[in-house]
Amino acid sequence: MSWILGIVGAFLGLLIADGSREAFGLVAGALLGGLLGMALRARRRIAELEQRLARVELLARRPGAVAGATAPAAVAAKPTPAPPPVPEPPGSAMSAPAPAAAR
């Protein structure tokens, strides 16, 4: 659609431009037509996304309708356990003294 409007814009720019500025009118018209086509496409895409968002929000308000979809989020929210401590080699200067035998 953008390229069609670009061609139409180029044609209109060519018709409107003076004799010495026909190339400028052609290029400017093509750019303006292309931009108009992209703006119309973006407007249509935004309207589709707003409708999709409204449907998702409607489904989210229903109790139990999306219970299966919330389970992975709950699992992902649980903290992961810390890894076990690495034992230090014997004779290390940082190792703690051996516990004394209980009497």
Side-chain angles (χ1 to χ4, degrees):
M1 172 103 164
S2 297
W3 63 273
I4 294 173
L5 289 174
I7 292 173
V8 170
F11 180 71
L12 291 176
L14 185 64
L15 290 178
I16 293 173
D18 294 347
S20 64
R21 296 185 180 151
E22 290 176 346
F24 175 74
L26 183 81
V27 172
L31 289 175
L32 289 175
L35 286 174
L36 177 65
M38 287 192 285
L40 291 175
R41 185 175 2 145
R43 182 178 181 186
R44 185 176 57 239
R45 177 79 174 136
I46 289 171
E48 290 172 2
L49 290 173
E50 285 176 343
Q51 289 176 354
R52 184 185 291 176
L53 178 63
R55 282 186 297 220
V56 168
E57 287 176 344
L58 181 65
L59 286 175
R61 285 188 208 135
R62 292 184 191 171
V66 201
T70 58
V75 170
K78 286 197 313 186
T80 57
V86 178
E88 294 183 21
S92 171
M94 298 300 268
S95 63
R103 291 186 187 190

Task: Taking every non-hydrogen atom, the tightest pair across Ala17 and Gly25 - done: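 For Ala17 and Gly25, the tightest heavy-atom pair comes out as CB-CA, 3.9 Å.
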
Side chain to side chain contact (heavy atoms under 4.5 Å, CB included) with [X]: which residues, sequence neighbours excluded?
X	result
Glu48	Arg44, Arg45
Arg55	Arg52
Ala30	Ala10
Ile7	Trp3

Task: Interatomic spacing from CG in Leu15 to CG in Leu26 - rounded to 0.5 Å - done: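 Interatomic distance, Leu15 CG to Leu26 CG, rounded to 0.5 Å: 10.0 Å.
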
Open item on the list: Apply the hydrophobic cluster definition, ILVMFWY joined by side-chain contacts under 4.5 Å directly or through others, and give me every member besides Met38.
Closed with: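 Traced through the cluster, Met38 reaches Leu35.
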
Open item on the list: Less than 4.5 Å apart, side chain to side chain, heavy atoms only: is that true for Leu32 and Leu36?
Closed with: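 No, every pair of side-chain atoms sits at 4.5 Å or beyond.
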
Task: Leu5 side chain reached by Leu40 side chain, heavy atoms, under 4.5 Å - done: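 The answer is yes; the side chains approach within 4.5 Å.
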
Task: Pairs where residues 14-42 contributes a residue and the test side-chain hydrogen bond (donor to acceptor under 3.5 Å, both in side chains) is met, not counting sequence neighbours - done: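 Residue pairs passing side-chain hydrogen bond (donor to acceptor under 3.5 Å, both in side chains), neighbours aside: Ser2-Arg41.
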
